[in-house]
Amino acid sequence: MTQQNVIADAMSAIKNAGDAGRLEVTVEPASRLFGAMLGIMQENGYIAGFEYIDDGRGGQFKIQLSGRINKCGAISPRFSVKTEDMESWETRYLPAKGFGILMLTTSQGVMAHEQARKAGIGGQLVGYVY
């Protein structure tokens, strides 16, 4: 089976495992972008932790879930976002102000939307979680 969107497939696997009440999920193949997204999810308490496992076939992530994810997903296509437009994207993807995070790639790496807003930089939306 070929994958069309590695990030979307990985986020779906996390959501499905959480809905099934599982505490752990393995996602493959691993990508640096998804690893950075997992780091943001961990910093914000949405997952308990994760580890990269090199299996010789592109790697995989073993993710420990904390049961805090209501919904998560990839944003495709990757819309470009300016700092001043961030609020309209929050309204589109998050259920309420201050609830959940948008993740975006910026010139300074992958970060949560609040962090990007404080830094005064925009970027491209890649995912959300709440």
| query | Got a donor-acceptor contact below 3.5 angstrom from the Asp85 side chain to the Val81 backbone? | reply | no
| request: Considering non-hydrogen atoms only, spot the tightest contact between Val27 and Ala10 and give its length. | output: CG1-CB, 3.3 Å
| message | Please evaluate residues Glu43 and Met111 with respect to the criterion side-chain contact (heavy atoms from CB on, under 4.5 Å), reporting the C-alpha separation (whole Å), side-chain torsions for both, the decisive distance (0.1 Å), and the verdict. | response | CA-CA 11 Å; Glu43 283 172 25; Met111 58 181 69; over 6 Å; no
| What do you reckon, is CD1 of Ile53 surrounded by more than 12 foreign heavy atoms closer than 6.0 Å? | yes
| query | Are any side-chain N or O atoms of Asp55 and backbone N or O atoms of Arg57, one a donor and one an acceptor, separated by less than 3.5 Å? | reply | yes
| message | To the nearest 0.5 Å, what is the distance between SG on Cys72 and CE on Met103? | response | 7.5 Å
| task | Please report the shortest heavy-atom distance between Arg68 and Gly45, naming the atom on each side. | result | NH1-O, 3.1 Å
| side-chain contact (heavy atoms from CB on, under 4.5 Å) evaluation trace for Ile101 with His113 | CA-CA 6 Å; Ile101 54 172; His113 71 282; 4.2 Å; yes
| query | What do the steps show when you test Met41 against Ile69 for side-chain contact (heavy atoms from CB on, under 4.5 Å), and what is the final call? | reply | CA-CA 10 Å; Met41 291 167 73; Ile69 295 176; 3.8 Å; yes
| query | If you round to the nearest 0.5 Å, how far is OH of Tyr93 from CG of Leu102? | reply | 9.0 Å
| query | Are the side chain of Arg22 and the backbone N or O of Leu65 linked by a donor-acceptor pair below 3.5 Å? | reply | no
| note | All heavy atoms of Ala112 vs all of Ile40, minimum pair found to be N-CD1, 3.8 Å
| Considering residues, nucleotides and ligands other than Lys71, do more than 12 of their heavy atoms fall under 6.0 Å from its NZ? | no
| Distance-minimising heavy-atom pair for Tyr130 and Gly100 | CB-CA, 3.6 Å
| message | Could you check whether atom CZ of Arg78 has more than 12 heavy atoms from other residues, nucleotides or ligands sitting under 6.0 Å from it? | response | no
| request: Specify whether Phe50 and Phe61 have parallel, tilted or perpendicular ring planes, treating 30° as the upper limit for parallel and 60° as the lower limit for perpendicular. | output: perpendicular
| request: Give a yes or no on whether the backbone of Lys62 and the side-chain of Thr26 come within a donor-acceptor separation of less than 3.5 Å. | output: no
| query | Distance from Ile75 atom CD1 to Asn5 atom CG, nearest 0.5 Å? | reply | 11.5 Å
